[in-house]
Trainee: 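Can you read through this structure? Questions will come right after.
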Amino acid sequence: MQVRIEDDLDLKKISASGQCFRWTEISPGKYQIIAQDKCLRIKALREKLFELDCSEEEYNGFWFNYLDLGESYEWIRRRINREKDEFLFLAAEYEKGIRILRQNPWEMLITFIISQNKNIPAIRRSVEKLAETCGQEMTNEAGERYFAFPTPDALAGSRDEQLKQCGLGYRCSYVRDAAQAVADGCLDLPSLKELDEETAMTTLTGLSGVGKKVASCVSLFGLHHLNSFPIDVWIKRILDEQYPNGYPFEDYSPYNGVYQQYMFDYYRKISIRSDTE
DNA sequence: CGCCAGGGACAAC
DNA sequence: GTTGTCCATGGC
């Protein structure tokens with residue numbers, strides 16, 4: 001099916017953004033997205049016109065929400081005042097097209113536990129291997145197989161060597177314990193969406209292997225708490241270098257997480273560029 | 001406090 | 001080719 005999407009949507013930028021690890025560019029401009037047990041192929045035909053290999057029902061029932069198309073990111077960008085904050089303004093201009101996907105909280109919890117102390121290519125490898133090892137085998141619209149993200153039961157019941165072989169290293173027990181908690185019903189992740197962000201953070205950081213950074217990522221990308229602001233080494237550098245007098249969190253509430261994403265991706269790009277020059 | 005755990009990417013030598 | 005550094009968290 002073809003869809004007109006008026007708001008910001010840049011597949012390449014989202015794919016590289018560090019919020020999703022199962023997007024693959026399968027041919028120029030065409031992306032395969034695996035989310036939970038679903039698989040979509042999507043391509044921009046021209047400005048604002050996209051081709052998707054799913055039915056209208058599946059688009060309306062899943063992918064519209066996944067891509068957060070009910071939110072206007074253009075409007076969120078327009079709230080930035082160039083005179084007051086040149087750096088954020090430039091970051092948002094440069095990274096226009098990024099959205100905060102509405103991803104599954106369970107999938108985000110496990111993915112970001114794995115992400116600690118890894119770079120993006122390494123996270124992709126681990127997550128893909130975990131899906132191959134413990135996920136349900138599926139077939140996409142093109143007749144090719146792919147693997148669904150593993151269920152809590154599947155991970156809770158997996159053997160140690162299976163997890164080890166996915167390159168999880170010392171994170172194995174974190175993944176196993178989190179899976180057990182969700183499988184047992186001790187941890188109800190979807191219910192955290194309804195709670196305030198602070199309570200959600202406290203619950204998440206109560207898990208072994210989940211510190212402040214991982215919890216904020218789960219909150220932002222899995223619970224869609226758009227004000228959640230993950231601070232990693234890159235963001236720390238931005239805050240130190242660009243905002244020596246403090247970052248105006250109050251001014252940017254409740255969209256701190258969206259602006260964090262613009263700054264994160266923008267700063268990483270300009271740093272990598274100046275490194276290689 | 002400082003170090004270590006396990007390991008891939010990437011830069012520097 | 002080989003070595004060094006990065007990275008987020010918890011345990012010691």
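Quick note on labels: first sequence line is chain A, next is B, and so on, each numbered from 1.
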Trainee: Quick one: A/Arg237 CZ to C/dC7 P, roughly how many Å, whole number?
Mentor: 5 Å

Trainee: Parallel under 30°, tilted from 30 to 60°, perpendicular over 60°: which one fits the rings of A/Tyr31 and A/Trp23?
Mentor: tilted

Trainee: Using a heavy-atom cut-off of under 4.0 Å over every strand shown, decide if A/Leu207 touches base, sugar-phosphate, or nothing.
Mentor: sugar-phosphate

Trainee: Just how far, in rounded Å, is C1' of C/dC7 from CD1 of A/Ile123?
Mentor: 9 Å

Trainee: Return the value, rounded to whole Å, for the distance between atom CD of A/Gln116 and atom C1' of C/dG10.
Mentor: 9 Å

Trainee: Name the residue from A/His224, A/Gln103, A/Arg99 that meets the side chain to side chain donor-acceptor pair (under 3.5 Å) definition with A/Asp68.
Mentor: A/His224

Trainee: Tell me if the side-chain of A/Tyr170 makes a donor-acceptor pair with the base of C/dA8, cut-off 3.5 Å, by modelled atom types.
Mentor: yes

Trainee: Is the A/Phe229 to A/Tyr252 ring centre distance short of 6.0 Å?
Mentor: no

Trainee: Between B/dA9, C/dA8, C/dG11, spot the one nearest the side chain of A/Val214, thanks.
Mentor: C/dA8

Trainee: To the nearest Å, give me how far apart CD1 (A/Ile113) and C1' (C/dT9) are.
Mentor: 11 Å

Trainee: With a 4.0 Å cut-off on heavy atoms, is A/Gly209 in touch with a base, just the backbone sugar-phosphate, or nothing at all?
Mentor: sugar-phosphate

Trainee: With respect to A/Glu95, which candidate in A/Leu90, A/Asp8, A/Asp10, A/Asp265 satisfies the side-chain contact (heavy atoms from CB on, under 4.5 Å) definition?
Mentor: A/Asp265

Trainee: Please tell me which of A/Lys118 and A/Thr205 maps to the more 5' nucleotide of DNA chain C, matching each residue to the nucleotide holding its nearest heavy atom.
Mentor: A/Lys118

Trainee: What is the distance from NZ of A/Lys236 to P of C/dC7, rounded to the nearest Å?
Mentor: 9 Å

Trainee: Take atom CZ of A/Arg125 and atom P of C/dC7, then tell me their distance rounded to the nearest Å.
Mentor: 21 Å

Trainee: Heavy atoms only, 4.0 Å cut-off, all strands: where does A/Lys212 land among base, sugar-phosphate and nothing?
Mentor: sugar-phosphate

Trainee: Please give, in whole Å, the distance from B/dG7 P to A/Lys164 NZ?
Mentor: 8 Å

Trainee: In whole angstroms, how far is the P atom of B/dC4 from the CG atom of A/Asn117?
Mentor: 14 Å

Trainee: More 5' along DNA chain C: A/Val233 or A/Tyr174, using each one's nearest nucleotide?
Mentor: A/Val233

Trainee: Please report the closest heavy-atom contact between A/Ile100 and A/Tyr73, naming both atoms and the distance.
Mentor: N-OH, 3.1 Å

Trainee: Mind checking A/Lys213 for me? I need base, sugar-phosphate or nothing, with any heavy atom below 4.0 Å counting as a touch.
Mentor: sugar-phosphate

